[in-house]
Amino acid sequence: MRICSAQPHDLAKLLAFRQEAAAWLSRLGTDQWQRPYPADKLLATIEAGEVFMVRDGDVTAATITLTPMAEEGLWTADELREPSLFINKLTVARTHAGQDLGGRLLDWAGDRGHLAGAEWLRLDAWTTNTGLQAYYLRHGFRHVRTVQQGVAVNGGPRVSGWLAQRATGPAAHGFTDETPRPERAARHNVMPHHLDEDQNRI
């Protein structure tokens, strides 16, 4: 399998990928990702070079967004002084479930963060999805705190405030990495509240 940067022409495919994940999550009884994600916001992250796709031949097997930008209101000023990369929208196709592809993507993200000089790999997961939270804990993340104050990008209260982190480091993820070398991670990168930092593992 190879991992590469998503391109603007992948937008429709990624939106459909998310809808497929949302339908599966609904069958599991969770409300995660039930509100449509704004296409223009996803396109902006693709154009920023922050969206990556795992391809198995011609098939898209997984996707992950990895950004140096933290959502406003989640991390403290002291934490934001520590160079970090933030994981968003980790999704694995049902056709590739059960292969720990998500775990390999987390290792790839940690390796990429290490190359960028980041100290931490951080995420905010769906607050009520305890199964997802346990998944991240099993993969070496430590729960930092849960933030429930704030507003979600699609309206309503904040729904993705379970914060966790793990140290970056070299990792043998097994992907053929076709992505460009990452830029150095900076401090104090805070995005406006315009991206839905919800997480998923399928």
Side-chain angles (χ1 to χ4, degrees), residues 3-8 10-11 14-15 17-18 32-33 35 37-53 62-91 102 105-127 132 136 141-155 157-169 177 179-201:
I3 186 165
C4 57
S5 299
Q7 302 301 318
D10 293 313
L11 177 62
L14 288 167
L15 287 171
F17 206 63
R18 182 183 173 96
Q32 182 168 337
W33 287 8
R35 287 174 292 187
Y37 190 78
D40 60 326
K41 306 303 184 186
L42 180 55
L43 181 60
T45 57
I46 292 173
E47 292 176 336
E50 298 172 351
V51 182
F52 305 93
M53 302 171 73
T63 181
I64 189 173
T65 298
L66 192 63
T67 175
M69 304 297 289
E71 183 180 346
E72 186 177 359
L74 291 178
W75 300 90
T76 69
D78 285 342
E79 289 164 344
L80 292 172
R81 294 187 186 98
E82 302 167 336
S84 304
L85 289 181
F86 299 85
I87 295 171
N88 303 324
K89 304 174 185 66
L90 170 58
T91 312
L105 263 177
L106 293 173
D107 288 342
W108 172 83
D111 187 73
R112 187 172 179 84
H114 176 73
L115 290 174
E119 297 176 18
W120 296 107
L121 194 59
R122 286 173 166 157
L123 59 86
D124 56 284
W126 205 259
T127 307
L132 177 60
Y136 284 121
F141 283 82
R142 179 181 62 83
H143 179 224
V144 177
R145 66 184 165 275
T146 299
V147 178
Q148 295 181 317
Q149 296 78 21
V151 179
V153 63
N154 293 343
R158 185 187 298 280
V159 289
S160 186
W162 187 87
L163 307 188
Q165 65 184 18
R166 83 179 194 190
T168 63
D177 194 340
T179 65
R181 187 173 180 86
E183 297 180 3
R184 295 290 295 180
R187 296 174 171 83
H188 297 295
N189 282 344
V190 181
M191 70 177 80
H193 189 77
H194 70 115
L195 291 181
D196 187 8
E197 303 290 348
D198 50 14
Q199 307 299 320
N200 188 35
R201 180 270 309 171

Quiz prompt | Smallest separation among heavy atoms of Ala70 and Phe86, with atom names | solution = CB-CZ, 3.4 Å
Practice problem: Give the minimum heavy-atom separation between Gln7 and Ser5, together with the two atoms involved. | Solution: NE2-O, 3.3 Å
Quiz item: Would you say Leu105 and Ile3 make side-chain contact, with heavy atoms under 4.5 Å?
Solution: yes
Quiz prompt | Residues forming a salt bridge (Lys or Arg N to Asp or Glu O under 4.0 Å) with Glu47, sequence neighbours excluded | solution = none
Quiz item: Please walk me through it: do Ile46 and Leu14 pass side-chain contact (heavy atoms from CB on, under 4.5 Å)?
Solution: CA-CA 10 Å; Ile46 292 173; Leu14 288 167; 3.7 Å; yes
Quiz prompt | Donor-acceptor pair, side chain of Arg145 and main chain of Leu74, under 3.5 angstrom | solution = yes
Practice problem: Evaluate the side-chain proximity of Ile87 to Leu66: yes if any heavy-atom separation is below 4.5 Å, no if none is. | Solution: yes
Quiz item: Can you tell me if Thr63 uses its side chain to pair, donor with acceptor, with the backbone of Phe52 under 3.5 Å?
Solution: yes
Quiz item: Is any side-chain heavy atom of Trp75 less than 4.5 Å from a side-chain heavy atom of Val147?
Solution: no
Quiz item: When rounded to the nearest 0.5 angstrom, what distance separates OG1 in Thr146 from CG in Asp124?
Solution: 10.5 Å
Quiz item: Which residues pass the side-chain hydrogen bond (donor to acceptor under 3.5 Å, both in side chains) test with Trp162, sequence neighbours left out?
Solution: Gln133, His143
Self-check item: Side-chain donor/acceptor of Thr168 to backbone N/O of Ala118, under 3.5 Å
Solution: yes
Quiz item: Any side-chain heavy atom of Thr179 sitting closer than 4.5 Å to one from Arg112?
Solution: yes
Quiz item: To the nearest 0.5 Å, what is the distance between CG (Leu163) and CZ (Arg142)?
Solution: 10.5 Å
Practice problem: Please lay out, stage by stage, how Trp120 and Gln165 fare under the test side-chain hydrogen bond (donor to acceptor under 3.5 Å, both in side chains). | Solution: CA-CA 6 Å; Trp120 296 107; Gln165 65 184 18; 4.6 Å; no
Quiz item: So, Arg166 side chain and Leu106 main chain: donor-acceptor pair closer than 3.5 Å or not?
Solution: yes
Exercise. Could you grab the distance from atom CD1 of Ile64 to atom CD of Glu50, nearest 0.5 Å is fine?
Key: 12.0 Å
Quiz item: Which heavy atom of Thr127 sits nearest a heavy atom of Gly161, and at what distance?
Solution: OG1-N, 2.9 Å
Self-check item: Interatomic spacing from CG in Leu121 to NE2 in His114 - rounded to 0.5 Å
Solution: 13.0 Å
Practice problem: Taking all non-hydrogen atoms of both residues into account, name the closest pair between Glu183 and Ala116 and its distance. | Solution: O-CB, 3.3 Å
Exercise. Locate the shortest heavy-atom distance separating Leu123 from Phe141; write the atom from each residue and the value.
Key: CD2-CE2, 3.5 Å
Quiz item: With a 4.5 Å heavy-atom cut-off, do Thr45 and Lys89 have their side chains touching?
Solution: no
